[in-house]
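From a predicted model like this one, the values you see are computed outputs, not experimental measurements. Order of listing sets the numbers, starting from 1, for every ligand and every atom in it.
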Amino acid sequence: MLIVQKFGGTSVGDLERIQNVANRVAATKKAGNDVVVVVSAMSGETNKLVAYAEHFSPNASRSDMDMLLSSGERVTASLLSIALNAMGLETVAMSGRKAGIITDSHHTKARIEKINPELMNSAIKEGKIIVVAGFQGVNENGDVTTLGRGGSDLSAVAIAGAINADLCEIYTDVSGIFTTDPRIESKAKKLDKISYDEMLELASLGAKVLQNRSVELAKKLNVNLVTRTSFSDEEGTLITKEENIMEKPLVSGIALDKNQARVSLIGVKDRPGIASDIFTKLSNSNVNIDMIIQNVGHDGKANIDFTVPVSDLNDAKMVVSKFVEDAEVDGVSYDENICKVSIVGVGMKSHTGVAAKAFATMAAENININMISTSEIKISMIIAEKYAELAVRSLHSTYELDK
Ligand code: ASP
Ligand code: MG
């Protein structure tokens, strides 16, 4: 197999850990695989470099920042190559440039435009282990760019796509994706497999493990992603196409988002264009809207409820209070003490009664549901924040995720 192995900052956090990574890479190679390794900077390094820059100036040029920050990954790539070499393996260390990673010119948050994999492909043919510095590329002028914080996951997925790797393994300090947050429900189980779409919907469970951007790219490039820990041999979680999952579970996981607030508009003038006016102004103020509910209007008035991230609540308040002043809305109320509990699973597409079961579970616990929204593979409910953990645990057991 051709395997891309990406090691994050904690996995290469000191020299001993770099040696552990070298041992793992060597074992993968000796088992008969071709290996391309992508590494992050040693943990804390990128922050240290940012602090160095800030010592001289709070507004260093973005291209200078890219020259600076890209060095962290080059340190680990070279050290790992040296370590592997010392073990008798043939290696080649590559910067983003040598790996052929071409980006646009948005310094410090560049997007990968294409990858020219020729040098990587010929090194693989020669049987060499390639060690690539993650998080970086070059623009068309040859200036070094970086892909945004946490961007070496993206390097790994893009490279795996470009060289047609069979597998892209992302090694972190977490052992995989769980049915729910194990800090809330200790019976949470690690998933063997999950589809790209489920993973994207469960973002709040996987956020610490994988950036959404990387999952989206993996889906687009059809890259089989595995998240696993570098601290043991424990198998991780495979994130793949839905078609590759034979036994589709009804529900794969329960996600919790406490970072939500509700805005309730009472007595909204029921006229064409009002929703457009309100939500255009909110979007112009960069307020991120999640759920929206409008009830059936009567007496020329309707109520509209919506949710926003807590951090956007103040901006939302400013926008809607203007509508109250202008007598387009009678009144508003806000609730920060809410949360969103979501049930995610591809099996819902073909089974009925999943939502009914969720509502019955809330009823049995005497938890009131404020808002409901659904997609093809997700049911989300807004409830009082004080019931968050209880709701997660009850749903986890309703759908037998602990079995
Ligand atoms: N070293 C970079 C950062 O800390 C990139 C990465 O670790 O993925 O953001
Ligand atoms: Mg990272």
*Asks:* Judging by distance only, is a nitrogen or oxygen of Gly150 under 3.5 angstrom from one on ligand 1?
*Replies:*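 Yes: some nitrogen or oxygen of Gly150 is under 3.5 Å from one in ligand 1.
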*Asks:* Quick test of your reading of the structure: of Gln211, Arg149, Glu73, whose heavy atom lies closest to atom 3 (C) of ligand 1?
*Replies:*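 Ranked by closest heavy atom to atom 3 (C) of ligand 1, first place is Arg149.
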*Asks:* Can you confirm whether the side chains of Asn139 and Thr145 place a donor and an acceptor under 3.5 Å from each other?
*Replies:*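 No donor-acceptor contact under 3.5 Å links the two side chains.
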*Asks:* Answer yes or no on whether Lys317 is positioned over the face of Tyr334, meaning its NZ or CZ is under 6.0 Å from the six-membered ring centre and within 45° of the axis.
*Replies:*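 Checked: cation-pi criterion met.
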*Asks:* Just by distance, with hydrogens left out, do Ser95 and Gln136 show a side-chain donor and acceptor under 3.5 Å apart?
*Replies:*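 Per modelled atom types, Ser95 and Gln136 side chains form no pair under 3.5 Å.
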*Asks:* Mind telling me whether Phe306 and Phe279 have parallel, tilted or perpendicular rings, with 30° and 60° as the class edges?
*Replies:*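 It falls in the perpendicular class, over 60°.
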*Asks:* Report yes or no: does a heavy atom of Gly151 sit under 4.0 Å from some atom of ligand 1?
*Replies:*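 Yes.
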*Asks:* Any nitrogen or oxygen of Ser40, side chain or backbone, less than 3.5 Å from one on ligand 1?
*Replies:*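 It does: an N or O of Ser40 is found under 3.5 Å from an N or O of ligand 1.
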